[in-house]
Amino acid sequence: MKIKIFRIVSIILLVACMSVIFYLSSQTAEQSSEVSGGFTYKVFSLLYPHFNEMSPDSQQQVIDNAMFYVRKTAHMSIYFVLGIFSYMAFVSYNTVKYSLRLLISFAVCFLYSCSDEIHQIFVDGRSGEIRDVLIDSTGALAAIVIITLIVRLIPKLYNIVKGEKELE
């Protein structure tokens, strides 16, 4: 019974993460830039000692220079989370070979990233980027690899994932 609850919760988390990605991708370029710029401003205000003493033009230049990296880190991070939830959603189906479950987890993330970039083509001021699919997929793959390594290092978890032991 606990495995069914785990599956349901995992699928809910996976769909919720996909919904957040869809929502963020539905923002126009202007809206998306405002969100990224506001986040970047807050981070620099907290971490950059003299940022608040700079002129508004200098602050904007620093933010503009950092925006590309902030946006790409956001891509990788949200797909890292998606990779975790995808792994969780498929790992409990122990009638399927473990390596195939990992492949399915990654494929779901990769295909969702492709569909997300296609979706952005239809949003005002946005574009679909192959580079973003690669960044997104790298984030998801990193999550799946890290979780797999953690599971392999903890024998009890590995036995549960392989289906040799029940989820307690």
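- At distances below 3.5 Å, not a single donor-acceptor pair connects side-chain atoms of Glu53 with backbone N or O atoms of His50.
- With hydrophobic clusters built from ILVMFWY side chains whose heavy atoms lie under 4.5 angstrom apart, Ile135 does not share a cluster with Val81.
- Side-chain atoms of Arg101 come within 3.5 Å of backbone N or O of Val91 as a donor-acceptor pair.
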Please output the side-chain donor-acceptor pairs of residues 137-146 that fall under 3.5 Å, not counting sequence neighbours, one pair per line with the distance.
| residue | atom | partner | partner atom | Å |
| --- | --- | --- | --- | --- |
| Ser137 | OG | Val133 | O | 2.8 |
| Thr138 | OG1 | Leu134 | O | 2.7 |

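- Among all heavy-atom pairs drawn from Met67 and Ser36, the shortest one is CE-CB, 3.4 Å.
- Under the 4.5 Å side-chain heavy-atom criterion for ILVMFWY residues, no single connected hydrophobic cluster contains both Leu46 and Met54.
- When atom types are taken as modelled, the side chain of Ser86 and the backbone of Leu82 share no donor-acceptor pair closer than 3.5 angstrom.
- Interatomic distance, CZ of Phe90 versus CG of Leu102, reported as 11.5 Å (0.5 Å rounding).
- Residue Val35 is not grouped with residue Phe68 when hydrophobic side chains (ILVMFWY) are merged at heavy-atom distances under 4.5 angstrom, including chains of intermediate members.
- Note on Ile8: it does not cluster hydrophobically with Ile84, by side-chain heavy-atom contacts below 4.5 Å among ILVMFWY residues.
- Here the OG atom belonging to Ser58 is positioned 11.0 Å from the CD1 atom belonging to Ile63, to the nearest 0.5 angstrom.
- Remark: Phe51 engages Tyr41, Phe44 in a ring-ring contact (aromatic ring centres under 6.0 Å, His included) (not counting sequence neighbours).
- Listed by first and then second residue, the ring pair (Phe, Tyr, Trp, His ring centres under 6.0 Å) pairs that reach into residues 129-148 come to none, sequence neighbours excluded.
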Discussion item. One pair to check against side chain to side chain contact (heavy atoms under 4.5 Å, CB included): Cys17 and Ile78. What are the steps and the verdict?
Written reply: CA-CA 8 Å; Cys17 188; Ile78 193 72; 4.2 Å; yes

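- In plain terms, the two heavy atoms of Leu13 and Phe85 that are nearest each other are O-CD1, 3.4 Å.
- Sorted by first then second residue, the salt bridge (Lys or Arg N to Asp or Glu O under 4.0 Å) pairs that include residues 22-41, not counting sequence neighbours, number zero.
- Atom-to-atom distance recorded for Ser115:OG and Ile21:CD1 is 9.0 Å, nearest 0.5 angstrom.
- For residues 13-38, the pairs satisfying ring pair (Phe, Tyr, Trp, His ring centres under 6.0 Å) are Phe22-His119, with sequence neighbours left out.
- For the atom pair OG of Ser127 and CZ of Phe122, the computed distance is 12.5 Å after rounding to the nearest 0.5 Å.
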Item to complete: Under the side chain to side chain donor-acceptor pair (under 3.5 Å) rule, what do Asp64 and Gln60 come out as? Steps first, then yes or no, please.
Response: CA-CA 6 Å; Asp64 290 344; Gln60 190 59 49; 2.8 Å; yes

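- In terms of heavy atoms, Gln59 sits closest to Asn52 at NE2-CA, 3.6 Å.
- If you take OG on Ser25 and NE2 on His75, they are separated by 7.0 Å, rounding to the nearest 0.5 Å.
- Formation of a donor-acceptor pair under 3.5 Å by the Asp116 side chain with backbone atoms of Tyr112 is not found in this model.
- Legend: salt bridge (Lys or Arg N to Asp or Glu O under 4.0 Å) pairs involving residues 66-89, not counting sequence neighbours, sorted by first then second residue: Lys72-Asp132.
- From Arg126, atom CZ reaches atom CD1 of Ile121 across 11.5 Å, with rounding to the nearest 0.5 Å.
- Hydrophobic cluster membership is shared by Ile154 and Phe6, with clusters built from Ile, Leu, Val, Met, Phe, Trp and Tyr side chains linked at under 4.5 angstrom.
- Under a cut-off of 6.0 angstrom, the local environment of CD in Gln61 is sparse, with at most 12 non-hydrogen atoms contributed by other residues, nucleotides or ligands.
- Although no hydrogens or angles enter the test, the distance criterion places no donor-acceptor pair under 3.5 Å between the side chain of Gln120 and the main chain of Gly128.
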